[in-house]
Student: 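The structure follows.
As the structure is a prediction and not an experimental result, all values here were calculated from the model.
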2 protein chains.
Amino acid sequence: MSVTQISPLEALSQVLAEDMGRVNALIRERMASENAPRIPEVTAHLIEAGGKRIRPMMTLAAAQLCGYRGDAHVKLAATVEFIHTATLLHDDVVDESAQRRGRPTANLLWDNKSSVLVGDYLFARAFQLMVEPGNLRALGILSNAAAVIAEGEVLQLTAAQNIATSEDTYMTVIRGKTAALFSAATQVGPVVAGAPEAQVQALFDYGDALGICFQIVDDFLDYGGAGDGLGKNLGDDFRERKLTLPVIRAIAAANAEERAFWERTIGRGEQRDADLAQAMALMARHGTLASTRQTALDWAARARRALDPLPDHPLKAMLADLADFVVERVN
Amino acid sequence: MSVTQISPLEALSQVLAEDMGRVNALIRERMASENAPRIPEVTAHLIEAGGKRIRPMMTLAAAQLCGYRGDAHVKLAATVEFIHTATLLHDDVVDESAQRRGRPTANLLWDNKSSVLVGDYLFARAFQLMVEPGNLRALGILSNAAAVIAEGEVLQLTAAQNIATSEDTYMTVIRGKTAALFSAATQVGPVVAGAPEAQVQALFDYGDALGICFQIVDDFLDYGGAGDGLGKNLGDDFRERKLTLPVIRAIAAANAEERAFWERTIGRGEQRDADLAQAMALMARHGTLASTRQTALDWAARARRALDPLPDHPLKAMLADLADFVVERVN
């Protein structure tokens with residue numbers, strides 16, 4: 001665990017402040033639209049709601065850590081944030097969400113149509129931005145990530161409500177919907193820096209493990225959190241009938257009666273007032289929140305270890321601490 | 001007008017058959033998804049419904065016309081069709097459409113969520129494909145087109161129901177939502193062929209004019225067509241309160257009573273059974289279908305003239321005839 005007074009995320013923010021200032025300026029510049037004022041309205045609502053900008057910071061940190069001097073990492077970091085914002089807009093339509101980052105979602109304030117089309121615009125702006133540095137390998141990594149993200153989201157959609165969903169399917173879903181953008185964000189840093197392949201692989205592995213850890217923690221907190229002030233409510237995933245790790249493990253350990261409970265509440269979606277409490281009691285009985293927490297810790301450790309091949313650098317220690325910090329939320 | 005027995009579209013199909021076979025094979029290969037079977041299901045429903053593939057043919061024709069020998073045009077043509085298919089999936093969600101190409105829409109057969117996410121997947125696949133030839137200028141053109149398309153769609157959304165919408169706004173909307181992909185499709189042909197700038201510009205102008213003509217014809221047919229067997233119903237735009245050219249011109253010529261009619265039906269959306277007939281009577285009174293037809297003819301002529309700087313080639317004549325053919329639908 002970190003012994004610094006400030007969190008590793010704040011430490012990263014401070015070290016990367018200059019580059020992040022350029023990323024934020026670029027985001028503001030590129031989210032504008034001469035012809036359609038609805039676009040910056042919707043985008044600003046989300047982008048200025050105070051997201052942590054963790055993904056673009058990953059690109060900046062990875063590039064700096066590999067000694068990069070240039071401008072490409074700023075454009076790629078903004079690309080990553082645009083892709084992330086576009087997926088949030090579309091996710092809120094798909095999940096029929098009412099809150100995001102503690103504010104009403106765009107689909108609620110405007111409509112689903114605006115969220116779909118403004119999301120498309122941001123995707124396109126992301127692609128325009130990533131083309132500008134002219135690095136074909138980085139282009140391949142980011143466009144591939146966009147496809148894997150969408151694939152993960154579709155898989156999650158078809159796996160929802162299906163209580164036969166396996167841990168393997170869960171891993172494919174979260175690698176897609178969450179880890180793919182983290183690993184692309186970290187990987188393009190060494191790629192634009194022209195770093196040795198071992199460093200490219202190390203930073204890909206770090207982003208992949210960090211992203212997986214991040215999503216498992218998120219899925220844990222949906223049942224185990226005490227409200228994080230970020231607008232997510234306890235049990236949202238249960239009500240949306242998502243098969244996340246604590247539930248998948250509880251179903252795997254279920255007796256016949258418990259299985260019938262999961263079949264009714266998640267499989268058929270017949271939910272009553274006391275069902276969330278009952279679901280949590282079953283997870284407690286089988287220790288699946290504790291084991292999910294342990295899995296998150298394992299991935300944090302993998303993220304930390306992945307950094308081993310990288311040269312000593314203050315950012316290396318901060319990225320290592322960040323992995324612990326992500327998982328600290330479950331304590 | 002063409003004097004051939006077959007339509008210019010069929011003539012193009014025959015001449016481009018070998019390349020189109022490769023485009024279709026690539027589309028089938030790339031619409032697959034190892035992890036999410038829902039993706040090819042949704043995509044096949046739309047892609048195999050027998051679209052005319054006019055946009056990818058534009059890329060193939062433009063490249064061949066400029067003497068291109070290579071593979072890049074096939075990948076870029078498939079890219080163009082993927083972008084088009086992705087926008088169709090999202091359009092049907094935004095328009096709440098029930099029919100497309102004479103079949104139930106994907107959002108009706110599956111759900112809006114699948115249409116949004118599979119559309120995102122196809123966008124991402126399009127970007128992966130366009131990166132492969134490694135032509136940065138073509139990448140810039142296509143990613144720019146994707147942004148302009150989304151911008152046009154958002155502008156259409158905010159202009160809908162607003163009877164103050166001008167012809168200028170209408171032109172910006174259709175240049176975005178329709179012409180941008182046509183002009184990108186034709187422009188990348190000479191770009192990958194390394195053709196002189198005058199040819200790049202000529203084929204951009206051709207695609208731009210053809211796309212504008214195409215959309216004006218579409219908007220004409222929504223009021224003036226006799227049903228084209230493609231699943232579009234007379235008056236759909238009226239019911240969706242879209243401000244298309246015949247309506248914008250009828251509103252511009254309206255007296256106070258007519259203005260109140262448009263304000264009620266399009267502005268406030270209070271529509272009764274006889275209103276479509278009344279709208280068409282008002283368009284007839286002010287001759288706006290006739291003038292819309294004339295505007296379409298003008299753009300077809302511009303498309304034909306745009307081809308002047310290009311070298312003599314059988315494809316040049318076919319593209320010229322295609323412009324007339326597009327507008328023939330309004331006769």
Side-chain angles (χ1 to χ4, degrees), chain A residues 30 33-39 42 83 86-87 90-91 93-96 110-132 134 136-137 139-140 142-160 169 172-173 175-176, chain B residues 30 33-39 42 83 86-87 90-91 93-96 110-132 134 136-137 139-140 142-160 169 172-173 175-176:
Chain A
R30 298 302 176 92
S33 157
E34 201 185 319
N35 292 315
R38 170 73 53 88
I39 290 173
V42 172
I83 293 176
T87 61
H90 287 184
D91 279 359
V93 172
V94 169
D95 289 346
E96 296 158 19
W110 289 272
D111 46 34
N112 278 344
K113 302 173 183 190
S114 298
S115 293
V116 170
L117 296 177
V118 175
D120 288 351
Y121 180 75
L122 294 181
F123 267 129
R125 294 298 257 174
F127 282 103
Q128 281 183 301
L129 261 171
M130 73 168 89
V131 170
E132 290 178 19
L136 285 169
R137 187 169 176 198
L139 276 167
L142 285 164
S143 59
N144 186 53
V148 173
I149 291 167
E151 203 174 27
E153 300 269 8
V154 176
L155 182 60
Q156 173 173 266
L157 191 64
T158 51
T169 297
T172 306
V173 167
R175 262 217 161 85
Chain B
R30 298 302 175 90
S33 157
E34 199 185 321
N35 291 316
R38 169 74 52 91
I39 290 172
V42 173
I83 292 176
T87 62
H90 287 185
D91 280 357
V93 171
V94 169
D95 291 344
E96 297 160 15
W110 288 274
D111 46 35
N112 278 343
K113 303 174 183 190
S114 297
S115 293
V116 171
L117 297 176
V118 174
D120 289 350
Y121 181 75
L122 294 180
F123 267 129
R125 294 297 257 176
F127 283 102
Q128 281 183 302
L129 260 170
M130 74 169 87
V131 170
E132 290 177 20
L136 285 169
R137 187 170 175 198
L139 276 167
L142 286 164
S143 60
N144 186 53
V148 174
I149 292 167
E151 205 175 26
E153 301 267 9
V154 176
L155 183 59
Q156 173 173 265
L157 191 64
T158 52
T169 298
T172 306
V173 167
R175 260 219 161 83

Student: Where does A/Thr172 contact chain B at under 4.5 Å (heavy atoms): side chain, backbone, both or neither?
Tutor: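 Side chain of A/Thr172 only, per the 4.5 Å heavy-atom cut-off to chain B.
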Student: With a 4.5 Å cut-off on heavy-atom pairs, point out which of B/Val118, B/Leu139, B/Ile149, B/Val42 contacts chain A the most.
Tutor: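 With the most close heavy-atom pairs to chain A, the winner is B/Leu139.
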Student: Do B/Asn112 and A/Val93 pass the side chain to side chain contact (heavy atoms under 4.5 Å, CB included) test, and can you show the C-alpha distance, the side-chain angles, and the key distance before you say yes or no?
Tutor: CA-CA 9 Å; B/Asn112 278 343; A/Val93 172; 5.9 Å; no
Student: Do you know which two heavy atoms are closest between A/Ser143 and B/Val131, and how far apart they sit?
Tutor: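 Reported closest heavy-atom pair: OG-CG2, 4.0 Å.
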Student: Does any backbone or side-chain atom of A/Asp120 lie under 4.5 Å from a heavy atom of chain B? Answer side chain, backbone, both or neither.
Tutor: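 Both the backbone and the side chain of A/Asp120 come within 4.5 Å of chain B.
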Student: Of all of B/Pro37, B/Ala86, B/Gly134, which one pairs up most often with chain A through heavy atoms under 4.5 Å apart?
Tutor: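 The candidate making the most pairs under 4.5 Å is B/Gly134.
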Student: Against chain A, work out which of B/Ile39, B/Leu155, B/Val173, B/Val154 has the most heavy-atom pairs shorter than 4.5 Å and name it.
Tutor: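 Top count of heavy-atom pairs under 4.5 Å with chain A: B/Val154.
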Student: Looking at every heavy atom in both B/Ala124 and A/Ala146, which two are closest together, and how far apart are they?
Tutor: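 Minimum heavy-atom separation between B/Ala124 and A/Ala146: CB-C, 3.4 Å.
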Student: Any chance you could measure A/Lys113, atom NZ, to B/His90, atom NE2, to the nearest 0.5 Å?
Tutor: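 Answer rounded to 0.5 Å: 15.0 Å.
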Student: Under 3.5 Å, is there a donor on one side chain and an acceptor on the other for B/Glu151 and A/Ser33?
Tutor: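 Distance-only check passes for B/Glu151 and A/Ser33.
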Student: Using non-hydrogen atoms only, which part of A/Leu157 is less than 4.5 Å away from chain B: side chain, backbone, both, or neither?
Tutor: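 For A/Leu157, side-chain heavy atoms alone lie under 4.5 Å from chain B.
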Student: Of all heavy-atom pairs between A/Ala147 and B/Tyr121, which one has the smallest distance, and what is that distance?
Tutor: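 Looking at all heavy atoms of both residues, the closest pair is O-CD1, 3.5 Å.
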Student: For the pair B/Phe127 and A/Phe127, name the ring-plane relationship: parallel under 30°, tilted 30 to 60°, perpendicular over 60°.
Tutor: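 B/Phe127 vs A/Phe127 ring planes: parallel.
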